[in-house]
Each structure stands twice: as structure tokens, then as C-alpha cells.
Visitor: 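Before I ask anything, let me first share the structure, which is written out below as C-alpha cells.
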Number of protein chains: 2
Amino acid sequence: MSKSLTLLSPVDTVACCSPLSRQPLSQQQADQVAPLLKALADPVRLRLMSLVASHVGGEACVCDLNDAFDLSQPTISHHLKVLHEAGLLDREKRGVWVYYRARTEALTNLGTLIGETSA
Amino acid sequence: MSKSLTLLSPVDTVACCSPLSRQPLSQQQADQVAPLLKALADPVRLRLMSLVASHVGGEACVCDLNDAFDLSQPTISHHLKVLHEAGLLDREKRGVWVYYRARTEALTNLGTLIGETSA
DNA sequence: CGATGACATCGATAACTGTCAATATCGACG
DNA sequence: CGTCGATATTGACAGTTATCGATGTCATCG
């Protein structure tokens with residue numbers, strides 16, 4: 001049984017917070033949102049996220065992602081795992097290859113939480 | 001009312017990136033954006049940012065911020081410094097008190113970069 | 001001037017993070 | 001079955017970070 005992370009991931013709880021500038025975030029809310037930002041707060045992971053999210057079909061193969069960086073394969077695998085465990089990337093194994101898919105609604109929610117100022 | 005930090009801060013360069021999901025972020029872009037996210041990627045700093053941004057007048061006194069946390073004064077001062085150096089908070093000393101003001105346009109740009117999916 | 005109070009800086013420490021080489025896992029294929 | 005190629009995991013190491021107590025700075029007030 002592949003552990004597909006059906007547990008509560010941080011990403012599930014972000015949608016319920018009003019924007020930063022609207023009212024003070026509670027400690028609980030902050031504790032939920034911070035891991036998501038932490039997962040994104042790395043140049044390599046930002047590029048990985050962007051590569052996957054902007055890729056045709058909304059998904060990308062690890063084999064392609066590895067080539068985009070001057071880093072070792074385990075390092076890329078580690079960063080993908082971080083993004084996956086934060087709930088920002090979905091993981092699917094097809095044959096020998098593994099495909100990651102961006103959870104765009106997670107990005108949308110995060111963007112709204114951070115950037116929205118009026119509603 | 002001297003403007004501290006008129007130097008280039010990371011926040012100045014975020015507006016020029018198209019959203020994550022639009023096209024792959026370049027390494028340079030990622031290197032510019034990541035520090036901003038890193039500054040926000042901490043529960044205490046998220047709450048600080050939210051407290052200041054949502055405060056009446058758009059600014060808040062350190063004396064008020066300290067009381068909102070169960071942390072030492074140097075620790076809060078440290079987190080405020082991180083947010084300030086990232087370009088997310090402006091700092092102004094008035095008499096004995098120091099006021100921090102949120103750079104809402106920075107938050108808006110960040111939010112757009114992360115969350116925008118269509119344009 | 002000396003005291004007080006608000007905030008910043010310093011120095012230390014424990015915990016966390018990014019990276020790699022080595023190794024494991026696991027499908028596909030002959 | 002045995003090999004190969006694609007990813008993941010492990011273990012180790014260097015660099016970073018969150019936190020605190022102690023101390024410094026600086027404006028205000030008596």
C-alpha cells in the first residue's frame with residue numbers, strides 16, 4: 001500500500017483563513033500556514049513548483065525535472081518530497097516514471113491569504 | 001522620518017515575475033522571491049505581519065506587538081528585523097517608540113506571484 | 001547629570017536544513 | 001531469474017535559525 005498522504009495535510013486548512021491584512025492571524029492559523037510557506041521558501045523548490053505548475057498537462061516527470069537543475073538526483077527527490085508532504089504537489093507513479101502534479105487550488109488559497117487586501 | 005533601507009530590497013523585484021503557474025521561474029527570479037517567502041515562513045512572523053497589516057492605521061508599535069506573544073522581547077525584535085530586512089515591514093522611530101508599517105504592495109505582489117492562475 | 005524605559009544587538013546553544021555519496025526499492029525487459 | 005534504469009531512502013556534514021539572557025543605545029524625564 002503506497003502511502004498517498006490521505007491524512008490531513010497543511011494545505012487543507014488554508015482556505016479558511018481570511019487574508020493577512022484583514023484581521024490578525026491566530027496562532028493556530030499561523031501554525032497551519034507557515035509550513036506551506038516554508039515548503040515554498042527555497043529557490044529550488046520554487047522553481048520545481050513553477051516547472052510543474054506551468055508544464056503542459058499540469059504535471060511533470062521527475063526525469064525532466066532532474067535535468068533542469070545542477071543538483072544531484074537525491075537532492076531533487078528530497079525537495080519534491082517536501083513539496084509533496086506540504087500538500088502542494090500530488091504524486092503518481094506510472095510504470096517506471098513518477099509524475100508530480102501541482103495543486104493549484106492550494107497555490108490559489110495561499111496567494112489569496114497573502115495578497116488579498118480588500119476581500 | 002528618514003527612510004531606512006532605500007537600498008534594493010528583495011521586495012522591489014518581485015513585481016516583475018509572472019505567476020508561478022504561468023511559466024517556469026528563472027533561477028534569478030527564484031533567488032529573489034525565496035527570501036521573501038522565507039521571511040514569512042514562520043508562525044511568529046506570519047502573526048507579526050498580520051498584526052501590523054491589519055492594525056488600524058496600517059502600523060503598530062513594538063510595545064503592543066511584544067504583548068501578543070509569549071516570547072522574549074529580543075526574540076520579537078529579531079523577527080521584526082527579519083521582516084524589515086526582507087522589505088515587508090517599514091520601520092519608523094517616533095520618540096521612544098518604534099512603529100512598523102506593512103508594505104502592502106509587497107504582499108500583493110507576492111500573493112499574485114503565488115496564487116494567480118490566469119493573468 | 002543620573003535614572004528609567006523602549007528597543008536593538010551580542011553571544012551562546014539546540015534544533016533544523018540543504019546537499020551529496022552510497023545504497024535500497026521497484027518495474028520492465030530479456 | 002537477473003539485469004538495468006528510474007526514484008527514493010539513509011547517513012553524514014556544514015551551514016542556518018529560533019530562542020534566550022545579558023548588555024548596549026538612546027530619548028525622555030526629573
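We name chains A, B, ... by the order of the sequence lines, and we start the count at 1 in each one. Keep in mind the model is a prediction, meaning the values are calculated, not measured.
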Visitor: Let's see if you can work this out: which of D:dC26, D:dA18, D:dT7 has an atom nearest to the side-chain heavy atoms of B:Lys93?
Guide: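 Of the candidates, D:dC26 comes closest.
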Visitor: Would you say B:Ser50's side chain and A:Leu20's backbone share a donor-acceptor pair under 3.5 angstrom?
Guide: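 At least one qualifying donor-acceptor pair exists.
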Visitor: Between B:Arg94 and C:dA6, is there a side-chain N or O to OP1/OP2 distance below 4.0 Å?
Guide: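 For C:dA6, neither OP1 nor OP2 has a side-chain N or O of B:Arg94 closer than 4.0 Å.
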Visitor: Tell me: CZ of B:Arg91 to C1' of D:dC26, nearest whole Å?
Guide: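 Taking CZ of B:Arg91 and C1' of D:dC26, I get 11 Å after rounding.
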Visitor: Starting from P on C:dA8, measure out to CD on B:Glu92 and report it in whole angstrom.
Guide: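 Distance check: B:Glu92 CD to C:dA8 P gives 13 Å.
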Visitor: If only atom types and distance count, is the side chain of B:His84 paired as donor or acceptor with the main-chain N or O of B:Leu89 below 3.5 Å?
Guide: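 It does hold such a pair.
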Visitor: Report yes if some heavy atom in the side chain of A:Ile114 is under 4.5 Å from a heavy atom in the side chain of A:Leu37; otherwise report no.
Guide: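 Touching, per the 4.5 Å side-chain cut-off.
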Visitor: Is it true that a side-chain atom of A:Asn109 and a backbone atom of A:Glu105 form a donor plus acceptor pair closer than 3.5 Å?
Guide: yes
Visitor: Given 3.5 Å as the limit, does a donor-acceptor pair link the side chain of A:Thr112 with the main chain of A:Pro19, or not?
Guide: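 Between the backbone of A:Pro19 and the side chain of A:Thr112 there is no qualifying donor-acceptor contact (under 3.5 Å).
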Visitor: Got a second to check how far A:Tyr99's OH is from A:Leu65's CG, nearest 0.5 Å?
Guide: 11.0 Å
Visitor: What I want to find out is whether B:Arg91 reaches B:Glu85 closely enough, with some N-O distance under 4.0 Å, to be called a salt bridge.
Guide: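 B:Glu85 and B:Arg91: not salt-bridged.
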Visitor: Just to verify, which of A:Val52, A:Leu107, A:Thr108 counts as forming a side-chain contact (heavy atoms from CB on, under 4.5 Å) with B:Ser21?
Guide: A:Leu107
Visitor: If only side-chain N and O atoms of B:Tyr99 are considered, is one of them under 4.0 Å from the OP1 or OP2 phosphate oxygen of C:dC7?
Guide: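 B:Tyr99 to C:dC7 OP1/OP2: no side-chain N or O under 4.0 Å.
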Visitor: Supply the atom-to-atom distance A:Asp42 CG to B:Lys38 NZ, rounded to the nearest 0.5 angstrom.
Guide: 6.5 Å
Visitor: Report the distance from atom CG of A:Asp67 to atom C1' of D:dG5, rounded to the nearest whole Å.
Guide: 14 Å
Visitor: Mind calculating the distance between NE2 (A:His78) and C1' (C:dT23) to the nearest angstrom?
Guide: 18 Å
Visitor: Show each protein N/O and nucleotides 20-22 of chain D N/O combination with a separation under 3.5 Å, one pair to a line.
Guide:
{"unit_1": "D:dC20", "atom_1": "OP2", "unit_2": "B:Ser72", "atom_2": "N", "d": "3.0"}
{"unit_1": "D:dC20", "atom_1": "OP2", "unit_2": "B:Ser72", "atom_2": "OG", "d": "2.9"}
{"unit_1": "D:dC20", "atom_1": "OP2", "unit_2": "B:Thr75", "atom_2": "OG1", "d": "2.6"}

Visitor: May I have the distance from B:Trp97 (atom CH2) to D:dA27 (atom C1'), rounded to whole angstrom?
Guide: 10 Å
Visitor: Calculate the interatomic distance between B:Leu80 atom CG and C:dA6 atom C1'; express it in whole Å.
Guide: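 Taking CG of B:Leu80 and C1' of C:dA6, I get 13 Å after rounding.
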Visitor: How long is the line joining NZ of A:Lys81 and C1' of C:dC20, in whole Å?
Guide: 16 Å
Visitor: What contact category does A:His79 fall into here, base, sugar-phosphate, or nothing, at under 4.0 angstrom with non-hydrogen atoms?
Guide: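 A:His79: backbone/sugar contact only, no base atoms under 4.0 Å.
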Visitor: What are the residues of residues 40-48 of chain B, sorted by number, that bring a heavy atom to within less than 4.0 Å of DNA chain C?
Guide: none
Visitor: Nearest 0.5 Å, what's the CZ-CG distance between A:Arg101 and A:Leu88?
Guide: 15.0 Å
Visitor: For B:Phe69, which contact category applies under a 4.0 Å heavy-atom criterion: base, sugar-phosphate, or nothing?
Guide: nothing
Visitor: With respect to the side chain of B:Cys63, which nucleotide from C:dA6, C:dG18, C:dC7 is positioned closest?
Guide: C:dC7
Visitor: Just checking A:Asp67: does its CG atom have more than 12 heavy atoms from other residues, nucleotides or ligands closer to it than 6.0 angstrom?
Guide: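 Yes, the 6.0 Å shell around CG holds more than 12 heavy atoms from other groups.
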Visitor: Just how large is the angle between the end axes of the helix from C:dC1-D:dG30 to C:dG30-D:dC1, five pairs per end, to 10 degrees?
Guide: 10°
Visitor: Test your reading of the model: is there a side-chain donor-acceptor pair from A:Arg45 to the backbone of A:Leu40, 3.5 Å cut-off?
Guide: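 Flag not set: sc A:Arg45 to bb A:Leu40 has no pair under 3.5 Å.
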Visitor: Using whole Å, report how far OH of A:Tyr100 lies from C1' of D:dA6.
Guide: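 Taking atom C1' of D:dA6 as the reference, OH of A:Tyr100 is at 12 Å.
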